[in-house]
Amino acid sequence: MPLGVVPAGTGNGMAKSLLDSVGDPCAISNAVLAIIRGHKRQLDVATITQGETRFFSILMLAWGLIADIDIESEKYRWMGSARLDFYALCRLFNLRQYNGRVSFVPAPGFESCGESTSYPAKSTIKGNNSDPSEGAHVSDPSEGAHVSDPSEGSHVNLQTLNYQGPEINLENMNWRVINGPFISVWLHNVPWGAEDTMAAPDAKFSDGYLDLIIMKNCPKLHLLSMLSGLSNGEHVKSPYVTYLKVKAFSLEPGSRTKDQEKEGIIDSDGEVLARGKGTYKCEQKALMAYDKLQITVDRGLATLFTPL
């Protein structure tokens with residue numbers, strides 16, 4: 001069933017990506033007109049796995065600076081969208097870095113990124129190739145599989161009875177690794193993360209890859225300039241940014257470098273996946289533990305209404 005996306009959330013990254021692809025402003029009227037016209041396009045879907053828990057994502061995953069800004073700025077929601085810019089400055093002046101490790105299967109052309117490593121798990125992820133639309137029903141958040149609402153700002157929890165993600169033999173793939181500390185790790189499925197944030201300028205809707213943006217060892221002044229360049233994608237040209245495409249990904253999050261007693265937040269599609277020790281609202285239960293997780297990609301699994 002095709003999904004129609006209307007920009008009624010805070011960021012509206014998916015709606016912006018769809019409308020910007022044909023040069024239309026990100027407006028409700030343009031989005032509704034696109035749905036009425038009925039044109040369709042395929043969209044990759046990422047399966048985030050931790051043990052038996054799965055979360056199906058269509059927009060992004062963030063850990064570090066971007067996740068902290070997105071989630072911790074909730075305390076300033078009364079400021080409207082300005083809360084994100086305000087809290088970005090707060091985090092810049094008190095910059096955090098995180099220990100950790102990211103492993104990935106690079107797309108062709110990105111094999112030189114990182115160092116060679118073996119598959120960072122004990123066994124192959126086993127999914128299936130059945131139709132994910134069969135047997136889906138609204139479930140309790142404590143159940144095992146979740147899919148995010150593309151409008152951002154609301155969340156639908158679904159238990160997909162038949163679909164467990166793609167069946168891929170990950171052990172035989174060309175895995176690479178980059179070790180921290182990290183300022184930010186950002187994984188994106190479409191170009192825009194928000195109406196004013198072109199997170200991944202080279203991202204495609206259904207190329208079978210996710211765009212990975214890693215920030216490390218960046219001086220604060222340069223980071224400030226980089227954040228101001230998010231609106232046009234210029235940040236990916238920074239020497240402190242590694243930008244590549246990946247087919248599969250594994251995140252092993254760690255503690256903050258300057259405070260080993262505190263950890264971080266993992267955010268996907270505007271929802272908290274995991275809260276580490278000492279984080280904002282860390283007493284609240286999250287969908288996953290602050291521990292290793294893995295992501296695989298189903299090429300063109302979802303269908304969206306699109307302007308053209």
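Position 1 is the first residue of the sequence, and the numbers go up from there.
G233 and P201 get closest at one heavy-atom pair: O-CG, 3.9 Å. Considering every non-hydrogen atom in both D291 and P253, the closest pair reads O-CD, 3.5 Å. Across all their heavy atoms, S255 and Q260 have their closest contact at OG-OE1, 2.8 Å.
Counting only residues at least two apart or on different chains, the salt bridge (Lys or Arg N to Asp or Glu O under 4.0 Å) pairs with a member in residues 61-70 are D68-R96. A ring pair (Phe, Tyr, Trp, His ring centres under 6.0 Å) check over residues 201-240, counting only residues at least two apart or in different chains, returns the pairs H222-Y240. Evaluation of the salt bridge (Lys or Arg N to Asp or Glu O under 4.0 Å) test over residues 206-234, restricted to residues two or more places apart or in two chains, returns D207-K245, D211-K245, E234-K237. Among residue pairs with one or both ends in residues 99-116, those qualifying as salt bridge (Lys or Arg N to Asp or Glu O under 4.0 Å) are R101-E252; sequence neighbours excluded.
The closest donor-acceptor contact from the side chain of N12 to the backbone of K16 lies at 3.5 Å or more, if one exists at all. Judged by distance alone, with hydrogens and angles left aside, the side-chain atoms of D267 form a donor-acceptor pair with the main-chain N or O of G270 at under 3.5 Å. Looking at N94, its side chain never comes within 3.5 Å of a backbone N or O of C90 through a donor-acceptor pair. Between the side chain of N189 and the backbone N or O of I58, at least one donor-acceptor pair lies under 3.5 Å. When atom types are taken as modelled, the side chain of S17 and the backbone of W192 share a donor-acceptor pair closer than 3.5 angstrom. Panel note: side chain Y280, backbone E74; no donor-acceptor pair is recorded below 3.5 Å. T279 contributes no side-chain N or O that, together with a main-chain N or O of R275, makes up a donor-acceptor pair within less than 3.5 Å.
Ring pair Y87/Y76 is tilted by interplanar angle, where 30° to 60° counts as tilted.
Every residue two or more places apart in sequence or in another chain was checked for a side-chain hydrogen bond (donor to acceptor under 3.5 Å, both in side chains) with S231, and none qualifies. In terms of the side-chain contact (heavy atoms from CB on, under 4.5 Å) criterion, residue partners of P307 (sequence neighbours excluded) are, by chain and number, L18, L19, V22, D24, A34.
For the pair P120/W175, a side-chain contact is recorded, criterion being any heavy-atom separation below 4.5 Å from C-beta on. V5 places a side-chain heavy atom less than 4.5 Å from the side chain of L304. Contact of the T257 side chain with the Q97 side chain is registered, since non-hydrogen atoms from C-beta on lie closer than 4.5 Å. Put simply, the side chain of T49 does not reach to within 4.5 Å of the side chain of T53, judged on heavy atoms.
Residues E72 and K281 are not paired through a salt bridge, judged by the lack of any N-O separation under 4.0 Å between the basic side chain and the carboxylate.
Between Y98 and W63, the distance separating the two ring centers is shorter than 6.0 angstrom.
Shown are I48, L187, V102, I295; of these, the side-chain contact (heavy atoms from CB on, under 4.5 Å) with L251 is made only by V102.
There is a path of hydrophobic side-chain contacts, each under 4.5 Å, that joins I178 to L61.
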